[in-house]
Amino acid sequence: MHERFLQQAIDLALENVKTGQGGPYGAIIVKDNQLIAAGVNKVTCSMDPTAHAEIMAIRLACKKLNDFQLHDCILYTSCEPCPMCLGAIYWARLEKGYFACNRLDAAAADFDDQFIYEEICVPPSERSIPMVHLNLPSARRPFEAWAETSNKIPY
């Protein structure tokens, strides 16, 4: 069963390359052995650097299930998720993920995310794209307002 779903993700990735729509990535999300959503890489055709296959599938699955969390859902993806997609997978609370190729296979095809994995461990101000902390007096007000809100939906 897992092999069949993973093969679907691989087939999506291959079709995406053949049609020239985007990169060689495909992902599907399954719940109770039923396909909920499918996504392919659309970075270049949508001019959206976040339009990775996993992100596209997560967005669609959340809409279909009318939920921002995907408990009891399984991700099948043609390649090991990049750091951005990995973060989205955790935020979506997917139950499990299966992947075909790994990050070394992606790097061999010129999709090397190793520098991002390394950047995560570097202090923000020392990263290759420096992230500068400005401590404004009003900075915490949004969090304070959130803490005081009685009808918030935690996530």
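These numbers come from a predicted model, not from an experiment. If you read the sequence from its start, that first residue is 1, and numbering goes on from there.
With hydrogens and angles ignored, the 3.5 Å screen pairs a side-chain donor or acceptor of Asn16 with a backbone N or O of Asn41. Using a distance-only test at 3.5 Å, with no hydrogens or angles considered, a donor-acceptor pair links the side chain of Asp112 to the main chain of Gln114. With Ser78 contributing its side chain and Gly26 its backbone, the two residues share a donor-acceptor pair below 3.5 Å. Panel note: side chain Lys31, backbone Ile36; no donor-acceptor pair is recorded below 3.5 Å.
In this pair, Tyr25 and Phe111 present their aromatic rings perpendicular. The plane angle is above 60°, beyond the 30 to 60° band. Using cut-offs of 30° and 60° for the angle between ring planes, the Tyr98 and His2 rings count as parallel.
Taking hydrophobic clusters as Ile, Leu, Val, Met, Phe, Trp and Tyr residues chained together by side-chain heavy-atom distances below 4.5 Å, Leu12 shares a cluster with Leu6. One hydrophobic cluster, built from ILVMFWY side chains closer than 4.5 Å, holds both Leu75 and Leu70.
Identified under the salt bridge (Lys or Arg N to Asp or Glu O under 4.0 Å) test for residues 73-88, with sequence neighbours left out: Glu80-Arg103. Counting only residues at least two apart or in different chains, salt bridge (Lys or Arg N to Asp or Glu O under 4.0 Å) contacts with residues 116-126 are absent. Listed by first and then second residue, the salt bridge (Lys or Arg N to Asp or Glu O under 4.0 Å) pairs that reach into residues 44-54 are Asp48-Arg59, sequence neighbours excluded.
Side-chain contact between Cys85 and Thr77 is absent, with no heavy-atom pair separated by less than 4.5 Å. Contact check for Asp72 versus Asp32: no side-chain heavy atoms found under the 4.5 Å cut-off.
Shown here are the ring-ring contact (aromatic ring centres under 6.0 Å, His included) partners of Phe99, two or more places apart in sequence or in another chain: there are none. In terms of the salt bridge (charged side-chain N to carboxylate O under 4.0 Å, His left out) criterion, Arg93 has no residue partners (sequence neighbours excluded). Among residues two or more places apart in sequence or in another chain, the salt bridge (charged side-chain N to carboxylate O under 4.0 Å, His left out) test is passed with Asp67 by none.
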Start with the C-alpha gap between Phe68 and Trp91, add the side-chain angles, then the distance that decides, and say whether side-chain contact (heavy atoms from CB on, under 4.5 Å) holds. CA-CA 9 Å; Phe68 59 89; Trp91 279 113; over 6 Å; no
Apply the test side-chain contact (heavy atoms from CB on, under 4.5 Å) to residues Met1 and Asn33: give CA-CA distance (whole Å), side-chain angles for both, the deciding distance (0.1 Å), then the verdict. CA-CA 8 Å; Met1 167 179 53; Asn33 293 322; 2.6 Å; yes
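Heavy atoms of other residues, nucleotides or ligands lying less than 6.0 angstrom from NZ of Lys18 number 12 at most. For Arg127, the CZ atom counts as densely surrounded, since its 6.0 Å shell holds more than 12 non-hydrogen atoms of other residues, nucleotides or ligands.
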